[in-house]
A.B. asks: 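Have a look at this one.
A, B, ... follow the sequence lines: proteins, then strands. Residue 1 opens every chain. Bear in mind that the values here come from a model prediction, so they are computed numbers and not experimental data.
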Amino acid sequence: MSDNRPAMHTALYAVTTDTLHLETLISAVTSMPDAPLDTVGPGGITSFVGIVRNENAGRRVLRLEYEGYEPLALRVFERIGAETADRWDVRVALHHRLGTLQIGEASVMIAAASPHRADAFAACRYIIERVKQIVPIWKHEFFEGGDVWIEGATADPDDDAARQDALRVATGE
Amino acid sequence: MNEPVSSIRINVRLFARLKDIVGTGELARQAPTRATARTVWDTLVSEFAELRDYEASISVAVNEEYSRMDAPVADGDEVAFLPPVSGG
């Protein structure tokens, strides 16, 4: 890894209108400049890339416009990262895009590095479930014949039932 | 001695469809001292009746942290009302 990358390129958490790059997240989760020398390093990385689908609820989707409450979204990313680190031995990165996205473009990327693959897979799945539950970002869907704001979950980070749902999905238990 | 403040100024942030209903994502409103986030919401609903549809489904954030509708708000606070989220 080159040492002259700008710091923003190794941010664990980001909300941006720029194109997302998975390599950036992988760099972020594998570089541990402050780790003690005896830290066990990663043995595997899992990733999730969410992309804009051309269909939703029977509608032919033309594009999505993502809006977000950026400062709160970043704090929620950190919260989700802390929840994940409490449960699994992982280092995670989460980047979400805002603005206008065409079909096939990446809207969200997650990377999870762990000494053990089971932790990396579970953490990655947990994070995308929590993103959908509590991150203050919204899709404005433009489809053939109209447009609609997509409204999913009422965001409540303290809702333990929702968190348990995400854990169950992540662990397959 | 300062005069007792009889009202406070709240900076309101709205997102997604709430922003469309009101026509702007940022506005300021006066509220009585000892107001809560709910007081501010009720003020908006009295102006924009369509917001009432969101009564049971909104979340609220005060100064960029998730909060509760019964949380007190203070002069200069930023109070954000969030419709159900759909990131990912």
A.B. asks: Taking all heavy atoms of A/Leu101 and all of A/Ser107, pick out the closest pair and write down the distance.
C.D. replies: CD2-CA, 3.6 Å
A.B. asks: What part of A/Trp149 is in contact with chain B, defined as an atom under 4.5 angstrom from a non-hydrogen atom: side chain, backbone, both or neither?
C.D. replies: side chain
A.B. asks: For B/Thr43 and B/Ser46, what are the C-alpha separation, side-chain angles and deciding distance, and is it a side chain to side chain donor-acceptor pair (under 3.5 Å)?
C.D. replies: CA-CA 5 Å; B/Thr43 302; B/Ser46 71; 5.6 Å; no
A.B. asks: At a heavy-atom separation under 4.5 Å, does A/Tyr69 approach chain B through its side chain, its backbone, both, or neither?
C.D. replies: both
A.B. asks: Tell me which of these, B/Ser57, B/Ala61, B/Gly88, B/Ser59, has more heavy-atom pairs under 4.5 Å with chain A than the rest.
C.D. replies: B/Gly88
A.B. asks: Is it the backbone or the side chain of A/Glu65 that comes under 4.5 Å from a heavy atom of chain B, or both, or neither?
C.D. replies: neither
A.B. asks: Of the backbone (N, CA, C, O) and the side chain (C-beta and beyond), which part of B/Ala16 lies under 4.5 Å from a heavy atom of chain A, both, or neither?
C.D. replies: both
A.B. asks: Assess, by modelled atom type and distance only, whether the side chains of B/Thr39 and B/Thr36 contain a donor and an acceptor separated by less than 3.5 Å.
C.D. replies: yes
A.B. asks: Start with the C-alpha gap between A/Arg75 and A/Arg79, add the side-chain angles, then the distance that decides, and say whether side chain to side chain contact (heavy atoms under 4.5 Å, CB included) holds.
C.D. replies: CA-CA 6 Å; A/Arg75 287 183 184 193; A/Arg79 178 193 180 107; over 6 Å; no
A.B. asks: Test A/Leu94 against every option in A/Ile127, A/Val15, A/Ile128 by the side-chain contact (heavy atoms from CB on, under 4.5 Å) rule and name the one that passes.
C.D. replies: A/Ile127
A.B. asks: Find the one option among A/Ile137, A/Asp158, A/Val148 whose heavy-atom pairs under 4.5 Å with chain B are most numerous.
C.D. replies: A/Ile137
